[in-house]
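Below is one structure, written out as structure tokens; the observations come after it.
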Amino acid sequence: MIMFLIWKYARAIKEIESNQRYLNTIIHSYNDGLIVLAEDHHIVTLNEAAKRIFELEGFTDAEPQLSDIIAKVVPDSRAYFSQALYGFNTKNLNYELVREKEKVIVQVRSTRILVNDEHLQVAIFRDITEQHIDKIKVSKGAELFSAVKTLQDKFLTSEDFQHSFKEVLKILLKIGESNHGIIVEVDPESPNNYRTLAQTRLVANGFVSSSFVESVITEVIETKKGSRSLQVAGLTSSNSKLIINSLSMPLFLSNQLVGVVCLFDESTYYEDDLLSWIDPVLSSLSAMVNFVRQKKLNDLISEEMVRAKDQAEKANEAKTNFLAMMSHEIRTPMNGIVGMSNLLKETKLSQQQSYFVDTLVHSSNALLNIINDVLDLTKIEAGKMQLIEQETELADTVHDALAVFHSKTVEKSIRLHCLIDPELPKWLMLDQVRYTQIILNLVGNAVKFTKRGSVMVRLHKVPAATGPVLRLMVIDSGIGIPKEKQARFLKTSPKLIHPIHVLIKERGLVSLFALN
């Protein structure tokens, strides 16, 4: 019986040891760090993951002290970390450990258990460094995206482009963890083929050698490629050597180089992970630089257009002055011709001679009116054209105007007819000189382009919503004007027709013209 009890006890001890070995195997193979603390604060169990996290590989399970673990936490967080080990601090669960080369963030979870009437504190540590870094990146990316978007919106509505580029440079310096930087626009007309848009104070003051900065920018412009130079020796304005790291990046828009960005720092290593955060900002910056380039080009074009407009106005004014001067110069001998023609008409002449003199008088008057037309053109261009309306005998006005073309129609063997509606009143209120000009222009054009046949001048009254309308029609058998060119022809003379049309219409009578 005694032997059976001894065997059973030994078997129980063996099972306990087996279970303990099994539990230890699980604990030490656990990926998260695990520490079991007794009530007197000594470490009961410390698994391999915890040793690795807190760099305690040189200790055995019983050797490390709680103070050794707490010492691995950055000084500012050690008090909160100690509370978290015993479950007293549930707010701040993430802690940074002291490392020389890398940053390690651990998360602490602690619970209290009862084993064989003994209270133990079990603390689990999880390395969340990667998750923490990713979270920071996402937060940083969202912050930068918001800052760039806000800056772009302000950029489009603000005229202070220099301030906007300074703000972009601040964002790039923040992302690139740099102290110095410069943004330039590629400008072939500038001395160095670029123009500075924004730069930090120490770059502007020559703390980073200006020749060194120029060489870095020039290399990017020539090669159209960015570069990273580690430990590049530059000379400051005081001729002392400065060891810095440089990062130069080209700004492209539609495969065209529009600018260059350079960052400089004494300690930052510009690695690929850092560059991935800068690329989105560079895209926005390229668009901003191109916008400034286009605006400068548009301003230059606008200035050229204003200058060309001023020159055209001066040329037009010179032309107007010349026409006015020449018209006055020609009017003097024409007045002599008209006067002598009238005197000749009063002498004793044969019937044929009288007819010739009458034609001479009408033609000279018509030529004088053409000279007056040139002066009227200057008035029309200045917007000062006025109509002098007076009671006019319609039939005599038309007859006197058509008499000018008698010899020309006889010479070309074409017939010139005039048909005036008998229902029209004998006297009308209109500008006789302008109306005569209209008849001379229309009939003269018809006679000029009619080789055979006839030219018909017809005046008649037509009803309209605003009252009776006088219609003047000149119908000829000439070549005419193609339909596709009629609209273009009428568009060339709105300033000449419109004033007459409107001012006569105010008196209740309108002259309409039809061309066939």
Taking it one step at a time, do Asp265 and Asn179 satisfy side chain to side chain donor-acceptor pair (under 3.5 Å)?
-> CA-CA 6 Å; Asp265 194 78; Asn179 291 322; 3.0 Å; yes
With Pro250 as partner, the option from Val220, Val186, Ile221 fulfilling side-chain contact (heavy atoms from CB on, under 4.5 Å) is Val220
Heavy-atom side-chain contact between Leu56 and Leu46 under 4.5 Å | yes
Point-to-point distance, once rounded to the nearest 0.5 Å, from NZ of Lys309 to OG of Ser302 = 13.0 Å
Taking Asp187 for the side chain and Asn193 for the main chain, is one N or O donor matched with an acceptor at less than 3.5 Å?
-> no
Side chain proximity check, Gln121 to Leu85, heavy atoms < 4.5 angstrom | no
Tell me, do Val261 and Ile182 make a side-chain contact under 4.5 Å, heavy atoms counted?
-> no
Going from CD1 on Ile43 to CG on Asp68, what distance comes out if it is rounded to the nearest 0.5 angstrom?
-> 7.0 Å
Lys224 and Glu219 ion-paired at < 4.0 Å = no
Selection residues 122-131 - residue pairs positive for side-chain hydrogen bond (donor to acceptor under 3.5 Å, both in side chains), sequence neighbours left out | Asp32-Arg126, Asp127-Thr129
Check against side chain to side chain donor-acceptor pair (under 3.5 Å), Glu266 and His180 = CA-CA 9 Å; Glu266 295 84 349; His180 322 293; 3.1 Å; yes
Rounded to the nearest 0.5 angstrom, the CD1-OG distance for Ile244 and Ser178 is 10.0 Å
Are the side chains of Phe81 and Ile70 in touch, meaning some heavy atoms are under 4.5 Å apart?
-> yes
Determine yes or no for a side-chain-to-main-chain donor-acceptor pair under 3.5 angstrom, with Tyr95 supplying the side chain and Tyr80 the backbone.
-> yes
Does any non-hydrogen side-chain atom of Val122 lie less than 4.5 Å from one of Leu34?
-> yes
For the residue pair Phe54 and Phe125, does the interplanar ring angle fall in the parallel (under 30°), tilted (30 to 60°) or perpendicular (over 60°) class?
-> perpendicular
Any sub-3.5 Å donor-acceptor pair from Ser248's side-chain atoms to Ser227's backbone N or O?
-> yes
To the nearest 0.5 angstrom, please state how far the SG atom of Cys262 sits from the CG atom of Leu172.
-> 11.0 Å
Donor-acceptor contact present, side-chain Ser211 to main-chain Ser209, <3.5 Å = no
May I ask you to test the Val289-Leu197 pair for a side-chain heavy-atom distance under 4.5 Å?
-> yes
